2 protein chains.
Amino acid sequence: MDERSDRTLSGLPDTTKAPADAVMLRGIVHVVDDDASLRAALVSLCRSAGLEAVGHVDASELLADSNPSRPACILLDVRLRDQNGLDIQDMFQSSGNDVPIVFLTGYGTIPMTVRAMRKGAVEFLEKPVEDDELLGALIRALEIDAAATTARRDRDVLAGRLSSLTVRERDVLGYAIGGLMNKQIAAELGISEITAKVHKRHMMEKMGARSLADLIRMTSQLGIAPARQR
Amino acid sequence: MDERSDRTLSGLPDTTKAPADAVMLRGIVHVVDDDASLRAALVSLCRSAGLEAVGHVDASELLADSNPSRPACILLDVRLRDQNGLDIQDMFQSSGNDVPIVFLTGYGTIPMTVRAMRKGAVEFLEKPVEDDELLGALIRALEIDAAATTARRDRDVLAGRLSSLTVRERDVLGYAIGGLMNKQIAAELGISEITAKVHKRHMMEKMGARSLADLIRMTSQLGIAPARQR
DNA sequence: GGGACAATTATACGTCCGTATCGGTGACGG
DNA sequence: CCGTCACCGATACGGACGTATAATTGTCCC
């Protein structure tokens with residue numbers, strides 16, 4: 001059953017022209033600090049500025065729960081009781097979670113700053129920090145993740161369609177985006193041209209691609225390279 | 001069998017698999033420091049490590065001469081006599097020159113580090129610096145620019161082909177990469193399908209595109225969006 | 001055993017594409 | 001004045017494409 005009736009140019013809902021989505025689904029700030037009183041103060045500061053916020057003693061919950069459906073950012077103390085904030089950043093990265101991180105530290109050094117920023121930290125702030133400066137950084141982080149979230153969601157839709165392809169359909173896709181003719185694709189797979197056409201047709205339907213141009217844009221977004229070039 | 005012996009996806013020479021190119025055309029380190037003795041010491045340190053290096057009192061020469069044909073990087077002191085290294089970084093960016101910068105400073109702060117790193121600095125080092133650390137950073141910067149240089153060169157070739165198109169050919173390109181049929185392109189331009197075919201043919205030849213897939217990859221590399229989507 | 005699905009092949013029809021060949025207009029510069 | 005170039009148009013042909021219709025085989029699972 002095909003229920004992709006209302007699709008846009010690339011077969012995806014047009015998120016770029018739907019700011020309501022990003023506004024309705026507001027971001028959340030995860031405050032990670034093992035000092036209970038400071039944590040509470042940071043959380044309440046966020047809330048007073050209209051930002052949703054929750055506190056965490058450590059980052060284990062956040063590392064386990066990678067919920068990519070909602071914009072989020074992390075306010076992370078560099079020096080925790082039993083962990084290093086920079087190592088936590090590494091763990092997020094190696095687990096493929098690119099949630100924006102705002103660092104906060106009492107005893108920061110320039111090498112630490114370099115390391116954190118090089119790995120994509122949004123900010124690296126020193127305690128004591130101005131409220132406005134901190135909130136500004138968090139808002140910026142949330143905006144970054146809001147954009148990343150919509151992009152990731154689009155990408156997941158495409159990845160889902162891709163995974164719905166059969167082996168043969170996936171084969172044909174690889175050659176089709178290389179600009180090969182049906183006849184060449186068939187020869188490459190050792191089947192008749194007619195069969196290749198059938199696979200191609202099914203593939204285009206499943207991918208929701210209206211044209212070869214559409215398909216190529218989708219695959220390049222998914223990082224798929226042609227199996228062979230014409 | 002095919003004859004794709006020495007061509008890549010976009011019809012350009014495969015620079016990614018030609019390390020000889022990056023090795024033969026070695027990078028150059030531009031040392032910018034207004035302290036003559038320190039500048040000389042840094043230059044000789046680079047040369048002792050086999051890196052080509054030249055010294056500059058200020059960055060005006062570098063800003064004026066944007067020679068993108070050769071890999072380079074800049075070793076920049078944050079505090080110069082009459083200029084701020086971070087402002088120089090800004091000027092490079094606003095002039096479209098993305099040459100990698102390694103900062104060196106005696107009195108650095110974390111906010112300065114954040115600012116520099118956020119704008120793409122490769123490293124932010126404090127004086128006194130270990131020779132190995134500095135050289136490592138410079139080598140990394142040169143490698144970054146070597147990759148950027150080849151990418152830019154490829155891009156320039158494509159941009160050159162694009163600029164060789166006539167107005168009509170450029171129009172047709174915009175619609176063709178949207179997946180429109182010749183008939184639709186002709187209707188869009190208010191001309192006959194035959195004429196549209198002619199323009200398309202010339203366009204494909206000038207762009208060096210063997211297939212629509214080729215063309216789309218080129219245009220996406222150039223940041224060209226379809227004029228209309230099918 | 002039968003239903004669902006993937007993979008395969010075939011014939012046939014209309015459309016689209018690329019190309020070749022021919023011709024006409026207007027603008028620009030040597 | 002004439003060559004060059006951009007732009008426009010037409011006819012025609014072979015091949016490629018998309019689609020519809022139909023059929024066979026094998027596998028997996030209930």
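Computed from a predicted structure; not experimentally measured. Reminder, nothing fancy here: chain letters follow the sequence lines and each chain counts from 1.
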Visitor: Within the 4.0 Å heavy-atom criterion, would you say A/T195 contacts the bases, only the backbone, or no part of the nucleic acid?
Guide: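 Contact class for A/T195: base.
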Visitor: Can A/T149 and A/R152 be counted as having a side-chain donor-acceptor contact under 3.5 angstrom?
Guide: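 There is such a pair between these side chains.
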Visitor: Please state whether the phosphate of D/dC17, meaning OP1 or OP2, lies under 4.0 angstrom from any side-chain nitrogen or oxygen of A/N182.
Guide: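 So the side chain of A/N182 is within the cut-off, an N or O lying under 4.0 Å from OP1 or OP2 of D/dC17.
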Visitor: Need to verify one output field. Residue with the more 5' nearest nucleotide on DNA chain D, A/L180 or B/E193?
Guide: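 Comparing both residues, the 5'-ward one is B/E193.
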Visitor: What is the first contacted nucleotide of DNA chain C and what is the last, in 5' to 3' order, if contact means an atom lying under 4.0 angstrom from a heavy atom of chain B?
Guide: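 Taking any atom under 4.0 Å from a heavy atom of chain B, the span is C/dC16 to C/dA20.
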Visitor: Less than 4.0 angstrom between a side-chain N/O of A/R201 and OP1 or OP2 of D/dC17, yes or no?
Guide: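 For D/dC17, neither OP1 nor OP2 has a side-chain N or O of A/R201 closer than 4.0 Å.
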Visitor: If I compare all heavy atoms of A/A72 with all of A/D145, which pair ends up nearest, and what's the gap?
Guide: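 Taking A/A72 first and A/D145 second, the nearest heavy atoms are N-OD2, 2.7 Å.
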Visitor: Base, sugar-phosphate, or nothing for A/K200, non-hydrogen atoms under 4.0 angstrom?
Guide: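 The answer is sugar-phosphate, as A/K200 gets under 4.0 Å only of primed atoms, P, OP1 or OP2.
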Visitor: How about A/H56 and A/E61: does a side-chain donor come under 3.5 Å of a side-chain acceptor?
Guide: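 Yes - a donor-acceptor pair under 3.5 Å links their side chains.
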Visitor: On DNA chain D, does the nearest nucleotide to B/T166 precede the nearest nucleotide to B/K197 from the 5' side, or the other way round? Give the residue.
Guide: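 Result of the comparison: B/T166.
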Visitor: Quick test of your reading of the model: are B/D87 and B/R115 salt-bridged, counting only N-O distances below 4.0 Å?
Guide: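 Looking at B/D87 and B/R115, the cut-off is met.
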Visitor: What verdict does the side-chain hydrogen bond (donor to acceptor under 3.5 Å, both in side chains) test give for B/N97 and B/S95, after you've listed the backbone C-alpha separation in whole Å, the side-chain angles of each residue and the deciding distance to 0.1 Å?
Guide: CA-CA 6 Å; B/N97 193 338; B/S95 72; 5.3 Å; no
Visitor: How close or far is atom C1' of D/dA16 from atom OH of A/Y175, stated in whole angstroms?
Guide: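 Taking OH of A/Y175 and C1' of D/dA16, I get 20 Å after rounding.
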Visitor: Just how far is it from atom NZ of A/K197 to atom CG of A/N182, taken to the nearest 0.5 Å?
Guide: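 Taking NZ in A/K197 and CG in A/N182, the distance rounds to 6.0 Å.
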Visitor: Would you kindly give the CE-to-P distance between B/M181 and D/dG18, to the nearest whole Å?
Guide: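 Computing the B/M181:CE to D/dG18:P distance gives 12 Å.
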Visitor: Measure the distance from CE on A/M204 to C1' on D/dC17 and round it to the nearest whole Å.
Guide: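 About 12 Å, once rounded to whole Å.
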Visitor: Measure NE2/B/H202 against P/D/dA6 and give the value in whole Å, please.
Guide: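 It works out to 9 Å between those atoms.
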Visitor: May I have the distance from A/Q184 (atom CD) to D/dA16 (atom C1'), rounded to whole angstrom?
Guide: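 Result: 11 Å.
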Visitor: If I take atom CZ in residue A/R210 and atom C1' in nucleotide D/dC17, what distance separates them, rounded to the nearest angstrom?
Guide: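 It is 19 Å, rounded to the nearest whole Å.
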Visitor: Could you tell me how far apart A/I185 (CD1) and D/dG18 (P) are, to the nearest whole angstrom?
Guide: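 Distance check: A/I185 CD1 to D/dG18 P gives 9 Å.
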Visitor: Under 4.0 Å, heavy atoms only, any strand: does B/V198 hit a base, just the sugar-phosphate, or nothing?
Guide: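 The residue B/V198 makes no contact with any strand.
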Visitor: Suppose we screen for salt bridge (charged side-chain N to carboxylate O under 4.0 Å, His left out). Which residues come up paired with A/R140, at least two apart in sequence or across chains?
Guide: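 If we apply the salt bridge (charged side-chain N to carboxylate O under 4.0 Å, His left out) test to A/R140, skipping adjacent residues, the hits are A/E123.
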Visitor: Would you indicate which nucleotide in D/dC17, D/dC7, D/dA10 comes nearest to any side-chain atom of B/R168?
Guide: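 Of the candidates, D/dC7 comes closest.
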Visitor: Hey, which sits more toward the 5' end of DNA chain C by its nearest nucleotide, A/E169 or A/I194?
Guide: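 It is A/E169, whose closest nucleotide lies nearer the 5' terminus.
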Visitor: Taking only N and O in the side chain of B/H199, is any of them less than 4.0 Å away from OP1 or OP2 of D/dC8?
Guide: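 For D/dC8, OP1/OP2 do have a side-chain N/O of B/H199 under 4.0 Å.
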Visitor: B/K206 has a side chain; which of D/dG9, D/dC7, D/dA6 sits nearest to it?
Guide: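 Looking only at side-chain atoms, B/K206 lies closest to D/dA6.
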Visitor: Closest approach of B/G174 and B/I177, non-hydrogen atoms and distance?
Guide: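 Taking every non-hydrogen atom into account, O-CG1, 3.4 Å.
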